[in-house]
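One structure is given here, and the rest of the page talks about it.
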Amino acid sequence: MDVTLHLAQDPEADELLGRSPLAALVGMLLDQQVPMEWAFKGPRTIADRLGATDLDADDIAARDPEAFAALLSEKPAVHRYPGSMAKRIQQLCQYLVEHYDGDASAVWDGVGTGAELLKRLEALPGFGKQKAQIFLALLGKQLGVTPKGWREAAGAYGEPESYRSVADITGPESLAKVRAHKQEMKAAAKAAKAAGGK
């Protein structure tokens, strides 16, 4: 895996995401309740604070939880909720160590179908169905992981040029399209809620 991603909109952070399967997974895990760029910059920030060039699942899984939470809480914090996200990252790394010998790419390497890959992603701590489908779409659209039926397994996120999620972001222009789509979805949800409350 060595591609150029544009999710953090920061060259160093994006470089790590493009070459490190674990960094990409951790970025996806962090992508909630904070701006997308902040979330995907997180893996680089964590690596820098650990004095490493990449994230290591064995190392993170074995770290003292309080010390790891403190590392994520340093200013600027890696996430709006650094303590709970530190716990989730460690749970993810512990799962990878237990099930995949600490190798994040083993989650998708050699998987025969999109449905099987979706099942594997949904089994990861912190990954619900939507997050799993978005990551599956990212793997297929930008990282060359295209098992049979991957688009169908990714649902709407797998559609070509759908601009629904990080899977479609390749630069500032597509980022703006994804942001616009998310704002439309929020407005529609708000309108539906208001209509239902009358």
Side-chain angles (χ1 to χ4, degrees), residues 1 5-10 13-50 52 54-63 65 67-74 76-109 111 117-143 145 153-155 157 164-169 178 182:
M1 188 167 123
L5 293 177
H6 300 277
L7 305 180
Q9 303 291 299
D10 171 283
D14 281 329
E15 184 274 331
L16 178 61
L17 294 169
R19 70 175 161 82
S20 169
L22 181 56
L25 271 180
V26 169
M28 191 74 226
L29 182 67
L30 290 168
D31 189 21
Q32 56 193 24
Q33 299 173 303
V34 293
M36 181 203 74
E37 299 94 321
W38 184 5
F40 283 96
K41 198 173 180 178
R44 182 73 209 207
T45 305
I46 295 167
D48 288 346
R49 289 179 186 175
L50 290 172
D54 196 355
L55 299 181
D56 181 294
D58 291 276
D59 175 49
I60 292 170
R63 284 188 174 261
F68 190 64
L71 186 95
L72 268 68
S73 301
E74 285 174 27
V78 169
H79 194 274
R80 182 179 291 150
Y81 304 106
S84 62
M85 292 316 288
K87 186 178 177 182
R88 285 188 176 186
I89 291 168
Q90 283 197 293
Q91 287 169 339
L92 173 65
C93 288
Q94 286 157 358
Y95 183 90
L96 291 171
V97 168
E98 200 177 310
H99 297 271
Y100 296 101
D101 290 326
D103 179 6
S105 65
V107 175
W108 52 84
D109 281 349
V111 172
L117 179 49
L118 180 62
K119 201 169 140 186
R120 286 185 177 198
L121 291 169
E122 284 183 289
L124 297 174
F127 278 67
K129 182 167 186 179
Q130 184 182 31
K131 194 177 281 286
Q133 285 187 311
I134 292 170
F135 194 77
L136 175 50
L138 177 66
L139 286 170
K141 290 180 176 183
Q142 297 197 48
L143 299 172
V145 178
Y157 302 107
R164 284 188 171 89
S165 72
V166 299
D168 293 292
I169 295 172
V178 170
K182 288 187 180 216

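Since we're looking at a predicted model, the values are computed, not measured.
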Closest approach of [X] and [Y], non-hydrogen atoms and distance?
{"X": "A154", "Y": "L136", "result": "N-CD2, 3.8 Å"}
{"X": "A57", "Y": "G102", "result": "CB-O, 3.5 Å"}
{"X": "D10", "Y": "A13", "result": "OD1-N, 2.8 Å"}
{"X": "P43", "Y": "V26", "result": "CG-CG1, 4.1 Å"}
{"X": "V78", "Y": "R49", "result": "CG2-NH1, 3.8 Å"}
{"X": "Q91", "Y": "P125", "result": "O-CG, 3.7 Å"}

Please examine the side chains of [Y] and [X], heavy atoms only from C-beta on, and report whether any two atoms are closer than 4.5 Å.
{"X": "L50", "Y": "D56", "answer": "no"}
{"X": "I89", "Y": "L55", "answer": "no"}
{"X": "Q133", "Y": "L121", "answer": "no"}
{"X": "W38", "Y": "R80", "answer": "yes"}
{"X": "I134", "Y": "D31", "answer": "no"}
{"X": "Q94", "Y": "E98", "answer": "no"}
{"X": "L22", "Y": "C93", "answer": "yes"}

What's the spacing between [X] [atom1] and [Y] [atom2] if we round to 0.5 Å?
{"X": "L72", "Y": "K87", "atom1": "CG", "atom2": "NZ", "answer": "14.5 Å"}
{"X": "F135", "Y": "Y157", "atom1": "CZ", "atom2": "OH", "answer": "15.0 Å"}
{"X": "Q142", "Y": "L17", "atom1": "CD", "atom2": "CG", "answer": "10.5 Å"}
{"X": "L92", "Y": "L124", "atom1": "CG", "atom2": "CG", "answer": "6.0 Å"}
{"X": "R120", "Y": "H99", "atom1": "CZ", "atom2": "NE2", "answer": "11.5 Å"}
{"X": "L138", "Y": "I169", "atom1": "CG", "atom2": "CD1", "answer": "9.5 Å"}

Q) In this structure, are over 12 heavy atoms from other groups packed under 6.0 Å from Q130 atom CD? A) no

**Q.** Heavy atoms of other groups near K131 NZ, more than 12 under 6.0 Å
**A.** yes

Ignoring hydrogens and angles, tell me if any N or O in the side chain of [X] forms a donor-acceptor pair with the backbone of [Y] under 3.5 Å.
{"X": "H79", "Y": "V34", "result": "no"}
{"X": "Q9", "Y": "M36", "result": "no"}
{"X": "R88", "Y": "L30", "result": "no"}
{"X": "R44", "Y": "A8", "result": "no"}
{"X": "R63", "Y": "F68", "result": "no"}

Q: Verify side-chain contact (heavy atoms from CB on, under 4.5 Å) between L25 and L96, making sure each step is shown before the conclusion.
A: CA-CA 11 Å; L25 271 180; L96 291 171; 4.2 Å; yes

Q.
Any salt bridge linking K41 with E37? Criterion: basic side-chain nitrogen under 4.0 Å from a carboxylate oxygen.
A. no

